[in-house]
Amino acid sequence: MSDYIQDAIDAAALRMKVEPLGDQQYQVTVTSADRVSPWGPWREPITMQPDYPDPPTLGQVLYYTATRLQAVEDTDDFLDWCTETGRDAGDAVAYRRYGDLIALRDCVRGTMGVDAYDGLLAGLAIEQAIERAAQAIRPMRTGN
């Protein structure tokens, strides 16, 4: 697990309850020992890959959730989000998806606290930037 994920777990005093739903699906509930979210509990279904035999860990759920919320955080509103994600702004499904992500963001931020949440997303952005830089350097090293 990346340090920034463990730092976010520790800073927010997160814990997770996992309930199996069958067929590699789990209902996770993430809470904090330090706070209660004003938006209610952070609950979501998680589906693990068929070749992964174990339930999700808190670190995996946090990483997965952060990558999903990153697109919402990087845009100003629904129209901007549609442009960035290639969705049709007239599509009712896209509108519901955006609303679901905003509600999830509020629950996650409320559960974690703003500082821990912001630290998680900053750590994710740094990790992604380092990976992009490493990918850009690889062809130069191999002469391709």
Side-chain angles (χ1 to χ4, degrees), residues 1-140:
M1 176 179 350
S2 298
D3 288 345
Y4 74 92
I5 293 176
Q6 188 60 55
D7 289 348
I9 291 170
D10 295 343
L14 296 179
R15 54 189 174 210
M16 183 174 73
K17 178 181 172 188
V18 179
E19 299 173 56
L21 300 175
D23 294 329
Q24 296 299 102
Q25 296 180 357
Y26 301 88
Q27 178 71 36
V28 299
T29 304
V30 181
T31 57
S32 170
D34 295 343
R35 70 190 53 75
V36 175
S37 173
W39 291 275
W42 169 12
R43 288 190 181 116
E44 64 179 314
I46 301 290
T47 301
M48 300 302 285
Q49 295 296 323
D51 59 340
Y52 194 83
D54 300 319
T57 65
L58 180 53
Q60 289 168 327
V61 169
L62 206 55
Y63 179 81
Y64 169 71
T65 302
T67 59
R68 290 170 49 219
L69 295 178
Q70 190 175 42
V72 170
E73 291 294 346
D74 290 346
T75 57
D76 295 326
D77 56 28
F78 173 66
L79 294 177
D80 191 24
W81 178 79
C82 286
T83 300
E84 289 295 318
T85 60
R87 289 180 169 82
D88 176 7
D91 183 7
V93 173
Y95 187 74
R96 281 193 307 275
R97 177 75 177 134
Y98 180 78
D100 290 346
L101 287 170
I102 294 296
L104 177 61
R105 180 202 60 195
D106 292 344
C107 280
V108 172
R109 188 186 292 159
T111 300
M112 292 185 72
V114 174
D115 290 342
Y117 177 80
D118 289 347
L120 172 67
L121 290 180
L124 176 62
I126 291 167
E127 178 181 72
Q128 291 169 335
I130 291 169
E131 180 58 30
R132 283 191 301 274
Q135 288 175 359
I137 291 171
R138 279 187 204 116
M140 288 187 277

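Heads up: numbering here begins at 1 and tracks the sequence.
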Inset, instruction - Report the residues that fulfil side chain to side chain donor-acceptor pair (under 3.5 Å) with Thr57, sequence neighbours left out, ordered by chain and then residue number. - result: Gln60
Inset, instruction - Count the heavy atoms of every other residue, nucleotide or ligand shown that sit under 6.0 Å from CD of Glu131, and state whether that count exceeds 12. - result: yes
Inset, instruction - Measure the CZ-CG distance between Arg68 and Leu104 for me, rounded to the nearest 0.5 Å. - result: 5.5 Å
Inset, instruction - Kindly say whether Leu62 contributes a backbone atom to a donor-acceptor pair with the side chain of Thr65 at under 3.5 angstrom? - result: no
Legend entry - Donor-acceptor pair, side chain of Gln24 and main chain of Tyr52, under 3.5 angstrom: yes
Legend entry - Asp54, CG atom: more than 12 neighbouring heavy atoms under 6.0 Å: yes
Legend entry - Non-hydrogen atoms of Ala8 and Met112 that approach each other most closely: CB-CE, 3.8 Å
Inset, instruction - Would you check if there is a donor-acceptor pair between the side chains of Glu73 and Tyr117 at a distance under 3.5 Å? - result: yes
Legend entry - Minimum-distance pair of heavy atoms, taken over all atoms of Ile5 and Gly59: CG2-CA, 3.8 Å
Legend entry - Residues, nucleotides or ligands: over 12 heavy atoms within 6.0 Å of Asp77 CG: yes
Legend entry - Side chain to side chain, Trp42 and Val28, heavy atoms closer than 4.5 Å: no
Inset, instruction - Determine the minimum heavy-atom distance between Pro38 and Gly110, stating which atoms define it. - result: CD-CA, 4.3 Å
Inset, instruction - Measure the OG1-CZ distance between Thr83 and Phe78 for me, rounded to the nearest 0.5 Å. - result: 9.5 Å
Inset, instruction - Kindly give the heavy-atom pair with the smallest separation between Thr111 and Gly40, and that separation in Å. - result: OG1-O, 4.5 Å
Inset, instruction - Kindly compute the distance separating CG (Asp91) from CZ (Arg97), expressed to the nearest 0.5 Å. - result: 12.5 Å
Show me, pair by pair, the donor-acceptor contacts under 3.5 angstrom made by side chains of residues 9-20, not counting sequence neighbours?
from: Asp10; atom 1: OD1; to: Gln6; atom 2: NE2; distance (Å): 2.8
from: Arg15; atom 1: NE; to: Thr31; atom 2: OG1; distance (Å): 3.1

Legend entry - Residue pair Pro55 / Met48, side-chain heavy-atom distance below 4.5 Å: no
Inset, instruction - Would you check, one step at a time, whether the test side-chain contact (heavy atoms from CB on, under 4.5 Å) holds for Ile126 with Tyr4? - result: CA-CA 10 Å; Ile126 291 167; Tyr4 74 92; over 6 Å; no
Legend entry - Considering all heavy atoms, the nearest Ala89-Cys82 contact: CA-SG, 3.7 Å
Inset, instruction - Calculate, to the nearest 0.5 Å, the distance between atoms OG1 and CD belonging to Thr75 and Gln70 respectively. - result: 11.0 Å
Legend entry - Gln25 side-chain N/O to Thr47 backbone N/O, donor-acceptor pair under 3.5 Å: no
Inset, instruction - Starting at OG1 of Thr85, measure out to OH of Tyr98 and round the result to the nearest 0.5 Å. - result: 10.0 Å
Legend entry - Closest non-hydrogen atom pair between Trp39 and Cys107, with its separation: O-SG, 3.5 Å
Legend entry - Rounded distance (nearest 0.5 Å) linking atom CG of Leu124 with atom OG of Ser2: 9.0 Å
